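Everything on this sheet refers to the single structure shown next.
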Amino acid sequence: MAGSVPRSNQPPLPAPANGGAARGDDVAGERRGAVMAVMAGMVSALRAWAEAAARAEEAARAALAASTPLLGSLGSLAAQMRAARRLPWNATPLGAFPELRARLWQKQRGAAEALLEQLGGRREELRAVRDAVGTAGTAVLRLYEERGPAELGLPGVLRRGPRCPSLADVLEGLQDVERFYRRLYLESKLLLQRLSLDSLADVEAVPQSWERILERYREDDVVQDTLLKVSLFLENHREVNCSPGS
């Protein structure tokens, strides 16, 4: 037909052979970018946690160190109060001053109440430590829960490097540290709550009870162990065998 466009009998040209590979490279690049973004967020959150945990450990040590002499003084004062109660005042020259016994008791009780108030302050310092570590740890875990499982995958979370702990190891350590400070605060709180000047024998024995708490605290290396894990992870997370998604 006049004016018609002739049709070619040749088959259409095939698509470039590298088209699929290019698309695969794009997908892999996007995947690596997503993994890197998640890891950057985790590294930033873990660095903030490490700073908070180091401050918390220093504050906890200070609170415990300050509590020990206060509890020692309280125990000694309770022993003096018990001795004053047992003293046969009327059989001594002091029996001529009946008001002296009441005044001494009031003075001793006032001193004991002042010590208890100071100990309450140290207990609040331990509560602040617990809360600070818990808040920092929650921020890391929330970030992981939002994107970690999808972007990193289980193999990436479990992968370790020559010098790098796995992300799973680090996250477990964070939870261990939170439990450690929660237990330390709870034990100190319960110990102080049980103290009553109406039971001076228990108050007199409180330094020994406190020492048992301190022994458990000193023997548990979870805080230092976890700080080391986090430090190694921050320094070496780019290792090929450690970096999730590599």
Side-chain angles (χ1 to χ4, degrees), residues 51-138 176-227:
E51 293 172 356
R55 291 193 299 269
E57 175 67 357
E58 184 178 351
R61 289 180 182 275
L64 294 175
S67 297
T68 299
L70 293 175
L71 287 164
S73 297
L74 185 62
S76 297
L77 185 56
Q80 295 172 22
M81 294 170 75
R82 293 183 69 197
R85 276 184 170 178
R86 294 192 299 266
L87 184 66
W89 289 80
N90 294 331
T92 69
L94 296 175
F97 307 96
E99 73 284 355
L100 182 60
R101 184 174 190 175
R103 281 169 27 199
L104 177 61
W105 175 258
Q106 290 174 356
K107 182 177 180 180
Q108 290 175 323
R109 187 178 183 89
E113 289 173 347
L115 288 169
L116 287 172
E117 184 175 353
Q118 293 180 63
L119 286 165
R122 304 294 81 74
R123 181 190 63 195
E124 288 305 298
E125 291 171 0
L126 291 176
R127 182 189 61 78
V129 165
R130 179 205 64 182
D131 293 347
V133 171
T135 299
T138 297
D176 290 340
V177 171
E178 183 177 356
R179 283 191 290 269
F180 171 79
Y181 282 121
R182 190 187 309 133
R183 184 175 66 249
L184 177 62
Y185 168 70
L186 182 61
E187 287 187 359
S188 62
K189 176 184 176 181
L190 292 176
L191 178 67
L192 294 177
Q193 282 183 339
R194 288 197 299 267
L195 295 182
S196 171
L197 297 181
D198 294 328
S199 181
L200 292 174
D202 291 339
V203 177
E204 185 178 354
V206 75
Q208 290 74 32
S209 300
W210 178 249
E211 186 59 33
R212 287 192 290 272
I213 293 177
L214 290 183
E215 287 177 2
R216 289 193 293 273
Y217 171 77
R218 298 188 193 104
E219 292 171 357
D220 197 330
D221 297 326
V222 64
V223 176
Q224 294 303 318
D225 288 349
T226 301
L227 283 170

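Here the structure is a predicted model, which is why all the values come from computation and not from measurement.
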Starting at [atom1] of [X], measure out to [atom2] of [Y] and round the result to the nearest 0.5 Å.
{"X": "Leu200", "Y": "Leu195", "atom1": "CG", "atom2": "CG", "value": "10.5 Å"}
{"X": "Lys189", "Y": "Arg127", "atom1": "NZ", "atom2": "CZ", "value": "9.5 Å"}
{"X": "Gln108", "Y": "Glu113", "atom1": "CD", "atom2": "CD", "value": "12.0 Å"}
{"X": "Asp225", "Y": "Asp176", "atom1": "CG", "atom2": "CG", "value": "9.5 Å"}
{"X": "Trp210", "Y": "Leu119", "atom1": "CH2", "atom2": "CG", "value": "8.0 Å"}
{"X": "Leu104", "Y": "Met81", "atom1": "CG", "atom2": "CE", "value": "9.0 Å"}

Open item on the list: With heavy-atom distances below 4.5 Å as the criterion, would you say the side chains of Leu227 and Val223 are in contact?
Closed with: yes

Open item on the list: Using side-chain heavy atoms (C-beta onward) and a distance below 4.5 Å, is Leu184 in contact with Leu64?
Closed with: yes

Least distance between heavy atoms, [X] atom then [Y] atom:
{"X": "Ala60", "Y": "Tyr217", "value": "CB-OH, 4.2 Å"}
{"X": "Leu115", "Y": "Leu70", "value": "CD2-CD2, 3.9 Å"}
{"X": "Glu211", "Y": "Arg218", "value": "OE2-NH1, 3.1 Å"}
{"X": "Gly72", "Y": "Pro207", "value": "CA-CG, 4.1 Å"}
{"X": "Leu192", "Y": "Arg123", "value": "CD1-CB, 3.9 Å"}
{"X": "Ala78", "Y": "Glu204", "value": "CB-N, 3.7 Å"}

- [ ] Indicate yes or no: does Glu125 engage Arg122 in a salt bridge with an N to O separation below 4.0 Å.
- [x]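 Yes, this pair counts.
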
Open item on the list: With side-chain hydrogen bond (donor to acceptor under 3.5 Å, both in side chains) as the test, pick out the partner of Glu187 among Arg212, Arg216, Arg182.
Closed with: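 Of the listed options, the one satisfying the test is Arg216.
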
Open item on the list: Exactly one of Leu74, Leu71, Leu77 should register a side chain to side chain contact (heavy atoms under 4.5 Å, CB included) with Val203. Which one does?
Closed with: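 Only match with Val203 under side chain to side chain contact (heavy atoms under 4.5 Å, CB included): Leu74.
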
Open item on the list: Looking at Glu99, I want to see if its CD is surrounded by more than 12 non-hydrogen atoms of other residues, nucleotides or ligands under 6.0 Å.
Closed with: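 Correct, the count exceeds 12.
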
